[in-house]
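Here the structure is laid out as structure tokens; the discussion comes afterwards.
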Amino acid sequence: MNPNTLDKAAVAKILRELSLLLQLKGENAFKVRAYDTAADRILGMTQDLGALVREGRLQELPGIGQGLAEKISELVSTGKLGFHEELKAEFPPGLLEMLQLPDMGPKKAMALWRELQVGSVADLERACREGRVRALKGFGAKSEAKILEGIALHQRAQGKRKLLGDVLPTVEGLLELLRAAPGVVRVSPAGSVRRRAETVGDVDLLASAPQAGPVLDVLANAPGVAVLIGKGESKCSVRMTEADLQVDLRVLPDEDFATALHHFTGSKAHHVRLRGMGQDKGLKISEWGVHQEDGTKLPIRDEADIYRLLGMQYVPPELREDSGEIEAALEGRLPEDLVSLEDVLGVVHCHSTWSDGKNSLEEMARAAQALGLKYLTVTEHSQAAVYAGGLKEDDLKRQWDEIDRVNAAVPGLRLLKGIEVDILESGALDYRDSVLERCELVIGSVHIRHSMNEEQMTQRLLNAMDNPHLNIIGHPTGRLIHEREPYPVRMEAVLDKAAARGVVMEVNGKPARLDLKAEHVRQAVQRGVKLVVSADAHRREDLNHLVFAVATARRGWARKGEVLNTLPADRFISTLKGLRC
DNA sequence: GCCGTTTTCGGCCCGACTGTTTTCAGTCG
């Protein structure tokens with residue numbers, strides 16, 4: 001294989017960069033969009049990119065014409081693109097990073113560069129602090145303050161922690177390689193990845209094998225490793241190209257695997273409490289094993305042995321945060337039937353090309369079927385979400401004909417007729433009741449007017465729940481991790497009303513959302529509010545977001561019975577409707 | 001840039017919000 005060959009992700013990344021560079025240059029907005037669309041198309045294609053290039057068939061992809069086909073071919077076959085190199089050279093490299101700041105688009109960035117020679121985030125911060133930005137036409141003191149706020153948020157996001165969803169695919173690829181490594185008995189992630197925390201710093205991996213050396217070599221030579229940071233007799237650290245991620249691997253004898261796994265899984269707070277409880281029983285619990293006071297090492301086959309020795313229930317990794325799970329496990333009241341991915345029969349909250357999704361209804365249906373799911377709720381945006389191609393009431397009727405057709409064509413997978421209707425500023429829904437009542441399910445979400453105060457936003461959600469056709473509140477706090485704070489809302493009041501009126505809360509699994517978050521899930525569960533785990537899917541691949549929704553539900557102690565899309569389709573719908581009062 | 005049983009040229013997604021203005025430009029969703 002040509003070592004220069006770029007994969008789909010790398011090609012899409014360069015196309016996106018080209019789109020940004022063209023914007024800086026002030027190019028036609030439709031040309032700019034063509035590059036973005038092409039990036040989407042490449043990411044979403046099912047065919048082999050290399051083969052399409054070799055056979056000269058790129059133009060068969062919609063949105064890719066002669067110009068883009070030539071550029072993509074050059075990229076794939078030579079590893080770079082002259083047009084890209086030339087365009088990049090026209091601007092300071094830091095300008096692209098500036099565009100990631102909130103409210104910073106190409107026009108403002110270029111004005112800052114042209115007038116003040118501000119060409120990086122660092123330059124910009126200095127210029128704001130020195131009060132030079134406010135002097136610029138179109139900017140003022142308020143813009144300066146907002147830019148500084150944006151830079152602070154950006155820098156926090158640039159910090160070490162990454163979204164679990166951005167990290168997990170890389171981790172799973174490495175685990176697969178390690179499972180096949182010479183002599184390996186057991187392999188597991190540890191740390192925050194295993195606890196399924198929202199964000200991850202470094203990744204810890206653990207393996208057991210009689211000989212560590214050959215296993216460490218597998219990681220050191222794995223594809224995607226950018227730098228070998230260090231390698232000793234039992235440990236190896238690397239930095240991956242993807243997500244700039246540091247991965248540490250420890251390899252040890254199988255008899256030490258369980259105690260090491262427990263130690264490195266943490267959380268620290270959970271572990272510290274267990275060690276203290278061990279001491280009271282004359283047991284020394286450490287990374288190296290469980291020892292009695294006379295120094296005898298007890299055999300520990302798996303983590304369950306440790307909890308058994310301490311006289312408590314097994315605590316799943318997602319719950320190990322010292323937030324009440326230890327007391328519950330001692331009293332035997334830890335839920336044993338936490339929802340799992342296998343329990344989920346249908347995927348909730350999906351979009352298609354009818355609104356802002358990237359795949360057709362049939363493609364979404366077949367992808368869900370391939371995952372072993374039984375149903376998928378089609379919930380496009382409603383008319384108020386103009387930017388997302390929201391559906392008019394009339395479009396909905398036409399879409400339902402299409403759904404009937406796909407349902408007949410894809411056996412064993414049922415598309416449900418729903419809507420993600422906008423919750424307007426007043427709390428009214430964006431469709432008439434006569435339309436909503438004919439939907440099989442109605443998700444209500446806030447997409448516009450986020451900047452209301454806490455009282456107004458709370459009232460908005462409470463009012464929405466007065467509509468008897470609303471079944472589910474979608475992404476109830478609107479947060480985007482590292483990008484946007486949640487809107488202010490009195491969650492207790494919302495959950496109390498949801499419990500009283502039989503409204504279900506979404507646990508949105510999109511990695512940057514995870515909304516409700518685990519703490520709120522727990523509050524919901526305590527009040528008897530039912531949940532759905534959702535994908536918020538805008539393309540086939542997003543159906544995997546269910547993994548993160550389930551993880552978040554588990555971290556919030558949700559049982560299978562509390563998650564409604566563990567029910568078969570008919571009972572799912574009848575339960576949703578039956579709950580409303 | 002792409003695309004075409006209206007078109008090989010002229011469309012292609014637009015309304016709301018914010019901060020800057022004094023009638024609007026830029027950004028976002």
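The chains referred to below are lettered A, B, ... by the order of the sequence lines, with proteins before strands, and numbering in each begins at 1.
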Same-atom distance (C1') from B/dC24 to B/dT20, integer angstrom: 8 Å
B/dT8 to B/dG15 separation - C1' atoms, rounded to the nearest Å: 33 Å
List the residues meeting side chain to side chain contact (heavy atoms under 4.5 Å, CB included) with [X], not counting sequence neighbours, and say none if there are none.
| X | result |
| --- | --- |
| A/Asn359 | A/Glu363, A/Met364, A/Arg539, A/Arg540 |
| A/Lys517 | A/Glu198, A/Arg479, A/Glu519, A/His520 |
| A/Gln23 | A/Ser19, A/Leu20, A/Val32, A/Pro106 |

From CA spacing to verdict: salt bridge (charged side-chain N to carboxylate O under 4.0 Å, His left out), A/Glu402, A/Lys397: CA-CA 9 Å; A/Glu402 166 83 0; A/Lys397 293 167 196 154; over 6 Å; no
Would you kindly give the [atom1]-to-[atom2] distance between [X] and [N], to the nearest whole Å?
| X | N | atom1 | atom2 | value |
| --- | --- | --- | --- | --- |
| A/Leu20 | B/dC28 | CG | P | 11 Å |
| A/Ile147 | B/dT27 | CD1 | P | 10 Å |
| A/Met104 | B/dA25 | CE | P | 19 Å |
| A/Ile72 | B/dG1 | CD1 | P | 11 Å |

Residue-level proximity of residues 120-132 of chain A to DNA chain B when a heavy atom falls under 4.0 Å: none
Pair A/His475 + A/His447: ring centers closer than 6.0 Å: yes
Mutual orientation of the aromatic rings belonging to A/Tyr487 and A/His450 [parallel < 30°, tilted 30-60°, perpendicular > 60°]: perpendicular
Sequence-aligned protein contact record of nucleotides 2-15 of chain B, with B where the base is within under 4.0 Å of a protein heavy atom and S where only the sugar-phosphate is: SS--------BB--
Heavy-atom protein contacts under 4.0 Å, nucleotides 16-24 of chain B, coded B base, S sugar-phosphate only, - none: -SSSS----
N/O donor-acceptor pair under 3.5 Å between A/Glu74 side chain and A/Gly82 backbone: yes
A/Asp103 side-chain proximity, nearest of B/dC28, B/dG26, B/dG1: B/dC28
Residue that, paired with A/Asn508, satisfies side-chain hydrogen bond (donor to acceptor under 3.5 Å, both in side chains) out of A/Asp536, A/Thr552, A/Asp515: A/Asp536
Partner nucleotide, any strand, of B/dT8 [Watson-Crick/G-U, under 3.5 Å]: none
